[in-house]
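Encoded as structure tokens, the structure appears first; notes follow it.
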Amino acid sequence: MLYAILCYNSEDDVGAWSKEHHDATMARLGVVQDGLAAAGRLGPVARLLPTTAATTLRKGRDGPLVIDGPFAETKEQLLGFFVVECASLDEAIATARDLAIANPGAGAYEIRPIAVFRPARTPAQTPAADGGGV
Amino acid sequence: MNELGWIDRALVAARPQAVAALLRYFRDLDLAEEAFQDACLRALGAWPANGPPRDPAAWLILVGRNSGIDGMRRRGRTEPLPPDEVLSDLDDAEAALADRLDGGRYRDDILRLLFVCCHPDLPATQQVALALRIVCGLSVRQIARAFLVGDSAMEQRITRAKARIAAAGVPFEAPGAPERAERLAAVAAMIYLVFNEGYSATGAEVAGRAPLCDEAIRLGRLLLRLFPAEPEIMGLTALMLLQHARAAARFDADGAIILLEDQDRSRWSGPAINEGLALLDKALRHRRRGPYQVQAAIAALHARAERAQDTDWTQIERLYAALEALQPSPIVTLNRAVALAKVDGPAAALALVEPLEPALSGYFHFFGLKGWLLDRLGRPAEARAAFGRAIGLANSAAEAAHIRQHLDRLDGAEGPAA
């Protein structure tokens with residue numbers, strides 16, 4: 001079974017981390033990730049830009065509506081996500097529109113630029129691997 | 001102590017919202033600040049044992065309001081308390097208060113708090129000092145260090161600025177749409193002022209003032225969360241992020257200025273550039289052009305160029321022309337001349353620059369650019385004269401040293417001037 005582990009925290013708080021605190025935290029997280037990667041258990045890892053960089057496509061009866069800012073409702077739940085390469089925000093919005101047309105009705109797509117992306121690492125790609133990867 | 005860093009960060013993050021709400025309740029800046037201080041002290045007592053409250057700002061507002069009212073009673077203040085309807089929910093649970101905060105009134109609260117700092121009677125440096133003290137919560141000592149003055153001088157400056165605001169009266173009525181737009185523009189200008197106080201620092205000032213850039217960016221993001229659909233606020237925040245991204249590459253080990261084209265671009269901050277570009281992208285979709293967006297677009301062209309020679313100067317020259325149309329100023333024209341020199345050569349740029357002399361006769365960068373253009377046109381005597389004027393107008397030792405290099409090179413090439 002694949003599990004997604006989603007990260008929640010205050011972006012004000014994390015944004016105010018000192019460089020030392022940031023680097024030390026990333027180093028500790030890196031150790032955990034390396035262990036998972038060596039065991040062939042690590043899928044893609046992403047860090048998102050702050051919510052101020054977000055745009056939301058709200059689905060509705062009259063077609064999708066583009067709203068600046070993050071998805072703010074609490075009545076709906078996070079059900080899934082896509083990672084898509086886009087040349088611009090316009091292209092990202094167009095892509096979300098395609099998704100909305102394919103799956104009309106209620107709900108929304110929050111479009112968030114990715115700050116850091118690490119593709120899935122299989123054992124063959126990690127230094128600790130013993131060469132058994134395909 | 002380190003593991004309690006989260007409390008400090010939570011207090012700093014909650015500060016604008018909490019002080020802004022307390023200002024609305026008490027209608028007095030000093031009372032609001034005092035109440036917030038009390039609430040922070042109680043948080044330092046309660047949070048380590050109980051863990052963080054669900055909504056730190058709501059907790060601080062509730063506790064600060066109660067402590068402020070207690071304090072007023074103790075001192076037997078005779079001024080009437082604010083009307084009942086704003087105080088009637090004193091016993092409300094934190095959750096109910098948090099729900100109300102989500103209702104949107106806090107948006108105007110924070111805008112008001114920022115707006116009182118940009119009162120037109122206050123000189124720019126006082127606006128900046130006040131915002132850093134009241135909104136960002138920097139200590140008087142930190143602010144004094146940034147402005148290279150003593151603690152007591154800065155304390156006095158802030159006290160005087162507050163007295164001026166109190167005398168002018170804080171606007172407490174909920175703003176209508178035009179007032180809100182006006183306040184937003186004034187606040188954006190003040191935030192950019194805070195940023196530039198940090199960004200323009202050179203030499204020994206850099207250590208004390210660099211944090212001002214971070215504070216200004218934090219304020220930009222705060223404003224953006226309150227007004228998520230304002231393209232100029234996106235543009236302002238993008239502009240600050242894109243400029244600040246170069247911070248680590250702008251000075252050499254001795255504090256001398258490194259020009260944009262000579263900077264080690266690998267030292268530019270990738271995350272700040274990505275965030276700035278994403279915000280600019282968002283802003284441009286609105287098709288409502290404004291000065292901050294245009295300046296951010298110029299900064300973005302620099303950020304996108306992997307090497308200095310990849311810079312799209314043609315586009316930059318066009319953007320400066322657009323900025324001239326939006327916000328005519330000889331300084332903008334001077335900047336366009338730099339781009340024009342890259343596109344059409346130094347003669348075209350000099351023709352654009354020369355008519356600006358009456359307006360910019362006291363401006364360091366005017367003579368710096370004029371000297372550089374004359375030098376490139378093979379007119380060393382006139383170049384030397386312009387550089388000489390520039391040195392006399394330098395704002396810092398680093399600027400003077402930079403011009404000195406040009407003069408030394410000219411002298412080296414020509415022999416000593418006759």
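In what follows, every chain begins at residue 1, and chains take the letters A, B, ... in the order their sequences are listed.
- Using non-hydrogen atoms only and a strict 4.5 Å limit, the part of residues 271-284 of chain B facing chain A consists of B/Pro271, B/Asn274, B/Glu275, B/Ala278, B/Leu279, B/Asp281, B/Lys282.
- In this structure, CG in B/Leu226 is found 11.5 Å from OG1 in A/Thr52, a value given to the nearest 0.5 Å.
- Heavy atoms from other residues, nucleotides or ligands lying under 6.0 Å from CG of A/Leu6 number more than 12.
- More than 12 heavy atoms of other residues, nucleotides or ligands lie within 6.0 Å of CZ in B/Arg180, so this atom counts as buried by the packing criterion.
- Crowding of B/Glu306 atom CD: a count of heavy atoms from other residues, nucleotides or ligands under 6.0 Å not exceeding 12.
- If you tally non-hydrogen atom pairs under 4.5 Å between each of A/Ala115, A/Ala54, A/Ser10 and chain B, the highest count goes to A/Ala54.
- Remark: A/Phe81 CZ is loosely packed, at most 12 non-hydrogen atoms of other residues, nucleotides or ligands lying under 6.0 Å away.
- For residues 86-110 of chain A, heavy-atom neighbours of chain B at less than 4.5 Å comprise A/Ser88, A/Leu89, A/Asp90, A/Ile93, sorted by residue number.
- Within the 4.5 angstrom heavy-atom criterion, atoms from both the backbone and the side chain of B/Ala229 approach chain A.
- For residues 55-73 of chain A, a heavy-atom distance under 4.5 Å to chain B picks out A/Thr55, A/Val66, A/Asp68, A/Gly69, given by residue number.
- For B/Arg145, the CZ atom sits in a loose shell: 12 or fewer heavy atoms of surrounding residues, nucleotides or ligands are nearer than 6.0 Å.
- With a 4.5 Å cut-off on non-hydrogen atoms, B/Arg221 touches chain A through its backbone and its side chain both.
- In terms of the salt bridge (charged side-chain N to carboxylate O under 4.0 Å, His left out) criterion, residue partners of B/Arg141 (sequence neighbours excluded) are, by chain and number, B/Asp151.
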